[in-house]
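What follows is a set of notes on a single structure, which appears directly below.
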Number of protein chains: 2
Amino acid sequence: MTDALDIVFAALADPTRRAILAMLLEDDMAVTDVAEPFEMSLAAISKHLTILTRAGLIAQEKRGRVKWCKLEPDAMKAASVWMQGFGQFEPVNLEAFERFLTVELAPEDGPEAPDAPGGPDQAASSS
Amino acid sequence: MTDALDIVFAALADPTRRAILAMLLEDDMAVTDVAEPFEMSLAAISKHLTILTRAGLIAQEKRGRVKWCKLEPDAMKAASVWMQGFGQFEPVNLEAFERFLTVELAPEDGPEAPDAPGGPDQAASSS
DNA sequence: CGGATCGTCAACCATCCGGTTGAATATGCA
DNA sequence: TGCATATTCAACCGGATGGTTGACGATCCG
């Protein structure tokens with residue numbers, strides 16, 4: 001049984017896909033526009049988008065000819081939450097867990113607001 | 001150029017390795033003891049530990065015959081920080097998030113705090 | 001010394017992954 | 001209708017990944 005976290009982390013393990021996520025942080029985009037800054041084929045980008053969709057990291061909605069991609073950060077948050085248990089050397093307790101949720105999901109209570117972690121410049125570093 | 005995040009996320013994408021990390025959250029362990037609950041060979045576990053080490057997620061120290069493995073959460077924190085930037089501006093779908101969490105992070109362990117995120121029970125689900 | 005335990009190395013295998021190309025499917029528009 | 005645009009599908013390729021087994025170096029101990 002493949003865990004959903006498998007798929008999310010595997011999706012995040014590729015620099016092209018992380019760059020795509022960073023781009024989508026700015027705005028929703030059509031598939032062709034997502035592909036534009038990269039040097040690989042459109043088909044390759046399409047595959048990456050499929051992987052991100054299956055991971056739940058983005059959602060795709062077709063309007064006319066154009067398929068729009070938008071960030072769907074819930075899966076990323078889930079993975080992030082999974083990691084929170086490490087580094088604080090105590091078993092994850094529900095209280096801290098819920099506190100984390102409220103802090104994280106609050107509109108502007110975030111620790112700070114990096115405009116894009118890593119940044120789209122990672123596109124250059126792909127593969 | 002392979003980004004360090006590539007390696008960290010790729011290391012986290014395997015349920016066996018996540019289970020190992022969860023085990024090490026409890027205590028430092030020797031390689032043989034790490035391997036004990038799994039059904040695969042010791043050599044396979046040794047490979048997994050090498051991958052986790054290269055990702056910076058654990059450290060290994062040899063004392064006598066025995067090689068001890070301990071959690072090294074900095075790399076995980078780095079990955080976690082990278083993810084923090086997502087979801088801060090988007091209207092987060094709290095319902096979907098919680099659904100994801102309850103499905104993924106608490107398979108059937110009940111509501112009490114899981115001893116580790118994901119839990120070593122994932123050992124059985126490897127591959 | 002010699003046997004038992006700990007762990008890795010090397011070779012091998014099946015499968016997955018990221019990319020390519022070319023054809024196919026939808027949709028928009030003149 | 002017919003052509004251009006948007007996106008995916010299908011087949012293929014090379015290389016990485018996750019597992020196996022068997023042999024090996026190291027270390028403890030009787």
Please state whether the base of D/dG19 and the side chain of B/Lys47 form at least one donor-acceptor pair under 3.5 Å?
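Between D/dG19 and B/Lys47, which were checked side chain against base, a qualifying N/O pair under 3.5 Å is present.
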Could you work out which one of [options] sits closest to the side chain of [X]?
X       : options                : answer
A/Ala43 : C/dG18, C/dT21, D/dG18 : C/dT21
B/Val66 : C/dC6, D/dT7, C/dA26   : C/dC6
A/Arg17 : C/dT8, C/dA4, C/dG18   : C/dG18
A/Ala44 : C/dA26, D/dT20, C/dG19 : C/dG19
B/Thr32 : C/dA26, C/dT21, C/dG7  : C/dG7
B/Leu42 : C/dT8, C/dG18, C/dT20  : C/dT8

Assigning hydrophobic clusters by single linkage (Ile, Leu, Val, Met, Phe, Trp, Tyr; side-chain heavy-atom cutoff under 4.5 Å), is [X] placed with [Y]?
X       : Y       : result
A/Met23 : A/Leu42 : yes
A/Ile45 : A/Trp68 : no
B/Ile51 : B/Leu57 : no

Rounded interatomic separation in angstrom, taking [atom1] from [X] and [atom2] from [N]:
X       : N      : atom1 : atom2 : value
A/Ile20 : D/dT7  : CD1   : C1'   : 14 Å
B/Asp14 : C/dC17 : CG    : P     : 12 Å
B/Arg63 : D/dC28 : CZ    : C1'   : 16 Å
B/Ile45 : C/dT8  : CD1   : C1'   : 14 Å
A/Asp33 : D/dA6  : CG    : C1'   : 11 Å
B/Glu39 : D/dG19 : CD    : C1'   : 13 Å
B/Leu12 : D/dG18 : CG    : C1'   : 17 Å
A/Arg65 : D/dA6  : CZ    : C1'   : 6 Å

Tell me whether the OP1 or OP2 atom of C/dG7 has a side-chain N or O from B/Ser46 closer than 4.0 Å.
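No, no such contact exists.
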Side-chain N or O of B/Lys67 less than 4.0 angstrom from OP1 or OP2 on C/dT8?
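True: B/Lys67 side-chain N/O within range (under 4.0 Å) of C/dT8 OP1/OP2.
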Closest nucleotide of DNA chain C for A/His48 versus for A/Lys62: which of these residues is on the 5' side?
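Its nearest nucleotide lies further toward 5', so the answer is A/His48.
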Assuming nearest nucleotide by heavy-atom distance, tell me which of A/Ile51 and B/Val31 is located more 5' along DNA chain C.
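It is B/Val31 whose nearest nucleotide is closer to the 5' end.
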Let me know which of B/Ile58, B/Val8, B/Leu21 forms a side-chain contact (heavy atoms from CB on, under 4.5 Å) with B/Met76.
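Output: one option passes, namely B/Leu21.
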Closest contact, heavy atoms only, A/Leu24 versus A/Cys69:
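Result for this residue pair: CD2-O, 3.5 Å.
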